[in-house]
2 protein chains.
Amino acid sequence: MNIERIINVANGEAEADLVLCNAEVFNVFTKEMIHADVAIVDGIIAGVGQYSDRRAKEVVDLKGAFLVPGFINAHCHVESSMVVPEIYCQEELRHGVTTLITDPHEIANVLGLDGILYMLRASENVPVNYFVQLPSCVPATCFEHAGATLEAEDLLTLKNYPRVLGLGEMMNYPGVLSTDQLVIKKLEAFQDRIIDGHAPGLTGRNLQAYASSGICTDHESSTSSEALEKLRAGIAVLVRQGSASRNLKTIISGVLEAQVDTRNLAFCTDDKHLSDIRREGTIRQNLKMAVELGLDALTALQIATWNAAKIYKLSNIGAVAPGYKADLVILKNLSDFNISAVYKDGCLMVKEGQLLHQIPNSFAGGAICNTVNLPTVEESDLMLPDWDCLPVIRIHAGEITTSKEWVKKADVSDRIADGYLRKVVVLERHHATGNIGVGLMAGYGLNHGAVATTVAHDSHNLIVVGDNDKDILFAMQVIQSMKGGYCIVKDGKEIGSLPLRVGGLMSDVPTEEFLLALDDMLKKAADLGVSSGIDPFITLSFIALPVIPSIRLTDCGMFDVDHFCMFENDSEKER
Amino acid sequence: MNIERIINVANGEAEADLVLCNAEVFNVFTKEMIHADVAIVDGIIAGVGQYSDRRAKEVVDLKGAFLVPGFINAHCHVESSMVVPEIYCQEELRHGVTTLITDPHEIANVLGLDGILYMLRASENVPVNYFVQLPSCVPATCFEHAGATLEAEDLLTLKNYPRVLGLGEMMNYPGVLSTDQLVIKKLEAFQDRIIDGHAPGLTGRNLQAYASSGICTDHESSTSSEALEKLRAGIAVLVRQGSASRNLKTIISGVLEAQVDTRNLAFCTDDKHLSDIRREGTIRQNLKMAVELGLDALTALQIATWNAAKIYKLSNIGAVAPGYKADLVILKNLSDFNISAVYKDGCLMVKEGQLLHQIPNSFAGGAICNTVNLPTVEESDLMLPDWDCLPVIRIHAGEITTSKEWVKKADVSDRIADGYLRKVVVLERHHATGNIGVGLMAGYGLNHGAVATTVAHDSHNLIVVGDNDKDILFAMQVIQSMKGGYCIVKDGKEIGSLPLRVGGLMSDVPTEEFLLALDDMLKKAADLGVSSGIDPFITLSFIALPVIPSIRLTDCGMFDVDHFCMFENDSEKER
């Protein structure tokens with residue numbers, strides 16, 4: 001940053017690279033719209049005021065359009081989009097997001113520090129300010145085997161890496177409350193940084209204890225009283241509107257009703273799929289919904305921009321003001337927040353929804369594309385536990401929580417034959433340890449064949465569901481040969497496959513191509529009888545996550561979330 | 001900070017050091033008063049909520065009193081109080097200030113880095129969070145000789161010293177606007193830190209240029225439009241209410257009228273004398289006045305606390321919330337903000353205006369108490385310039401600006417004899433260089449004798465005013481022998497003296513003793529005929545400051561502020 005040149009342009013004495021004239025400029029500091037020009041040089045805003053009479057390489061007359069700071073997505077998981085950072089950022093940028101804060105928790109579960117480093121490197125040249133919070137909970141629990149384990153010492157090696165802000169969401173809130181030594185070490189290591197929280201439903205003294213440890217954000221509020229209590233505890237509330245978790249309406253309504261200060265609110269998506277982003281954007285959608293609920297547009301814009309920058313102590317981001325990055329969005333209105341153009345570092349990147357410059361793809365290769373390591377598995381490995389009575393994972397349309405059912409071992413064959421039950425297998429897929437869990441699932445549908453995925457929160461082992469062992473084994477072979485992704489097989493034939501070669505989680509093909517391939521897979525799964533209302537892959541990807549009620553399957557076996565322990569023989573009688 | 005213990009206390013599972021029960025707790029985040037208890041351990045707030053039923057070493061029932069965060073004085077010069085940091089902090093603390101941000105600009109002009117280090121060390125154990133901004137303009141101008149010169153490289157040696165936040169007020173705004181290389185180097189060195197501004201009256205593109213350089217605060221607004229323009233440029237406005245400069249009424253009225261967001265406002269004093277602080281406090285007075293002007297009390301409290309913490313990116317300060325420092329003020333009401341008690345780090349420090357614990361004085365010694373180094377001066381050195389016509393510094397009651405008059409050389413003796421003129425001398429006092437400026441002053445009064453001070457903004461040379469050369473020379477001897485301070489002499493006798501042995505700027509005697517001695521000096525000066533409405537010492541201390549209109553005297557000679565150059569022979573004819 002050449003301060004001299006910026007000063008000279010601001011002064012009106014040197015030529016600007018670009019002057020955006022005649023705009024209604026949103027001032028985040030005073031919460032006003034002010035008619036002005038904006039002079040830009042070297043990607044930095046030099047001045048806001050009267051610049052239309054000054055020299056500039058380029059002058060754009062905005063004809064009174066709204067000029068606002070680029071939006072900030074305060075918390076997202078890029079991997080959840082199933083595309084690499086370069087492609088993800090294209091989609092965010094198209095919808096006005098110029099800054100994002102992401103926790104590469106998923107790839108860290110696959111490859112540890114190397115996975116985080118891949119994300120940092122892949123995002124080095126993207127036209128989005130891409131900040132990283134280091135994953136605090138890898139693996140998520142001790143009832144499964146992830147590809148890596150990250151302790152405080154590991155995280156410290158990346159603490160001072162450029163663009164690393166702090167510690168990612170501390171999901172292990174029981175560990176915080178019980179002062180688990182490994183958790184405390186991580187918190188201690190990041191006391192001078194931003195520590196994100198993840199504490200659904202935490203309240204009262206437990207919430208105070210959680211906040212007292214230095215955790216200062218949370219994106220898990222699902223009721224307005226929860227959001228208000230967190231705000232009052234000094235925790236910034238990141239208002240989430242993702243693909244699955246949609247809390248914006250509840251929180252914004254609660255904030256409006258309580259009439260509290262909004263400055264410790266920011267917007268985020270957490271997990272949002274690429275198709276949803278493509279359709280409606282991320283923060284743009286949060287803005288639109290918030291205003292529909294009655295929040296005034298200027299307050300909503302503060303939440304979408306400067307608030308997040310202040311919460312994360314980001315300098316020079318989130319405002320249209322001298323010295324700030326020229327990350328700008330031109331809006332058509334303040335109701336649906338449709339976007340005419342997006343500037344990043346003073347460069348016009350998006351016009352009427354079209355990306356004007358291709359973002360260079362760093363082309364992933366090496367270890368990051370070689371993360372599926374399966375052992376030899378035989379039919380004898382797919383045997384159900386030899387218990388009289390077996391627990392069943394009952395899934396429901398439109399939900400990721402499951403409920404518990406029981407079936408007598410003697411009845412299993414019949415219930416698979418009549419289509420009510422399917423066998424589900426979780427196989428450790430990082431180090432070919434042979435760890436395998438075998439269980440039963442109801443509600444999935446699937447007439448015949450097997451469906452498999454290497455996206456499986458949070459350890460991202462291989463999950464296969466099927467009505468017969470041969471197809472389950474064949475699906476494993478298909479997954480191994482394409483090094484991760486989704487597949488559908490039937491009678492030893494590959495019906496469809498979607499490679500996710502980057503970590504077994506992400507694709508690096510262009511958005512359109514990826515979305516077409518994904519649609520094709522969804523259609524094939526439906527054709528094969530996967531129940532309507534069940535996403536054949538996303539629902540499956542949560543089957544192994546042992547922190548969501550009520551019953552899960554990990555590579556260690558069937559897990560009882562309600563009692564937070566593995567099922568054993570006779571579990572049924574005790575519970 | 002022992003996170004485990006704090007978590008356990010917050011949880012209600014371990015014994016708190018202190019529980020403050022039954023309070024109306026101000027929540028800075030939501031801007032609400034909430035009835036609650038506050039549990040404290042190790043000087044940290046563990047939890048806010050229901051703690052009266054928990055174990056605690058001490059429980060205090062606040063009986064519904066208001067409990068608010070300790071106040072933050074966002075910009076002050078400790079030296080201007082004329083007492084050392086230990087004593088200054090006592091007075092701030094008595095009035096509820098638990099955090100201050102100070103620019104040791106005065107002592108830096110005397111002793112450079114050693115002066116700054118003295119202030120840092122002296123404040124190491126004070127019960128106030130004492131943060132330092134490194135002085136950016138030493139010396140203030142090139143038309144005088146200070147005790148030291150500080151360049152970017154010098155400042156960088158202290159950048160990472162604990163409690164150093166950033167770069168102090170960049171008074172050299174012409175240097176910023178003209179991209180003076182030495183100024184640019186300093187700005188570049190602190191781009192990743194908070195840079196304070198000082199830009200009275202700057203507006204339009206010049207203000208944009210100033211802000212574009214990374215400067216992000218200013219405390220010099222004297223009109224509401226100036227304050228609003230600075231806010232809109234992204235510059236935090238520090239609302240000043242000091243002894244001389246009193247801008248609060250104007251700024252707060254303007255903000256109320258414009259109805260803009262208040263979150264980029266903080267309160268400060270800049271320069272406030274010990275006697276004023278003793279009488280009315282600092283930020284407490286700002287609060288009281290703001291509320292009298294119609295600002296709602298809770299917004300005023302945000303400005304006095306969390307706002308400043310956010311502007312300066314201070315963590316764990318400025319809120320009553322878990323994990324924050326237990327720096328707390330108990331208020332009797334929300335109108336005059338009278339204080340019942342002040343807690344610092346969870347320890348009761350002030351009760352009903354009484355300081356309960358003496359603050360240890362680090363007892364200054366060595367170089368810091370040996371800063372007056374005068375050369376041998378004789379009557380022949382006190383000759384006025386041999387010009388036909390001489391400029392006169394005309395001072396006015398209640399103002400620090402001066403106006404220009406002219407007197408014929410031939411008339412000088414008569415006008416001194418009739419009491420209209422007095423001779424004024426500025427002698428470089430740091431390195432005995434012998435640099436001396438001799439001039440004339442009108443409006444000071446003083447029947448007979450001489451008055452001297454080593455407090456002389458910003459270079460802090462020795463200023464002596466008198467009606468005869470013998471007394472002027474004798475005053476110099478008195479100052480030398482007591483190593484700095486104020487003195488009054490007449491006919492070769494010492495009428496009164498107030499030693500300021502620390503840097504020639506500060507006293508280290510207790511407040512009461514100091515204030516009595518100062519009163520005595522003021523009385524003696526009045527007895528000697530110093531004009532009423534003129535502070536005999538403070539007015540004198542601004543006579544050598546070449547940035548305040550219209551005419552000054554430095555150790556280089558008479559200075560024309562309006563034309564920003566030294567007077568020369570024939571200056572009168574040209575102007």
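We name chains A, B, ... by the order of the sequence lines, and we start the count at 1 in each one. Values in this document were obtained by computation on a predicted structure and should not be read as measured data.
Heavy-atom pairs under 4.5 Å with chain A peak, among B/Gln181, B/Lys31, B/Glu4, at B/Glu4. With chain B as the partner, the residue from A/Lys310, A/Glu188, A/Glu13 showing the most heavy-atom pairs under 4.5 Å is A/Lys310.
Neither the backbone nor the side chain of A/Leu207 comes within less than 4.5 Å of any heavy atom in chain B. Both the backbone and the side chain of B/Val176 come within contact range of chain A, judged by heavy atoms closer than 4.5 Å. With a 4.5 Å cut-off on non-hydrogen atoms, B/Asn206 touches chain A through its backbone and its side chain both. Looking at B/Gln50, both its backbone and its side chain come within 4.5 Å of chain A, counting heavy atoms on both sides. In this structure, no portion of B/Ile235 lies under 4.5 Å from any heavy atom of chain A.
The OG1 atom of A/Thr30 lies 8.0 Å from the CG atom of B/Leu228; values are rounded to the nearest 0.5 Å. The NZ atom of A/Lys186 lies 13.5 Å from the CD1 atom of B/Ile3; values are rounded to the nearest 0.5 Å. How far CG of A/Leu231 is from CD of B/Glu32: 9.0 Å, rounded to the nearest 0.5 Å. With values rounded to the nearest 0.5 angstrom, A/Ser315 atom OG is found 6.5 Å from B/Ile194 atom CD1. Rounded to the nearest 0.5 Å, atoms CD1 (A/Ile7) and CD1 (B/Ile184) are 3.5 Å apart.
A salt bridge is defined here as a Lys NZ or Arg NE, NH1 or NH2 lying under 4.0 Å from an Asp or Glu carboxylate O, and A/Arg205 with B/Asp53 meets this definition.
Judged purely by atom type and a 3.5 angstrom limit, B/Asn264 has no side-chain atom pairing as donor or acceptor with the backbone of A/Phe29. Put simply, the side chain of B/Gln208 never gets that close to the backbone of A/Ala10: no donor and acceptor are under 3.5 Å apart. Listed for the A/Asn11 side chain is no donor-acceptor partner under 3.5 Å among the backbone atoms of B/Ala209.
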May I have the list of side-chain donor-acceptor pairs in residues 256-263 of chain B shorter than 3.5 Å, sequence neighbours left out?
from, atom 1, to, atom 2, distance (Å)
B/Asp261, OD1, B/Arg263, N, 3.0
B/Asp261, OD2, A/Gln302, NE2, 2.9
B/Asp261, OD2, B/Arg263, NE, 3.4
B/Asp261, OD2, B/Arg263, NH2, 3.4
B/Arg263, NH1, A/Asn307, OD1, 2.7
B/Arg263, NH2, A/Gln302, OE1, 3.0

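For residues 318-328 of chain B, a heavy-atom distance under 4.5 Å to chain A picks out B/Ala321, B/Pro322, B/Gly323, given by residue number.
The nearest pair of heavy atoms linking A/Leu314 to B/Lys313 is C-NZ, 4.3 Å.
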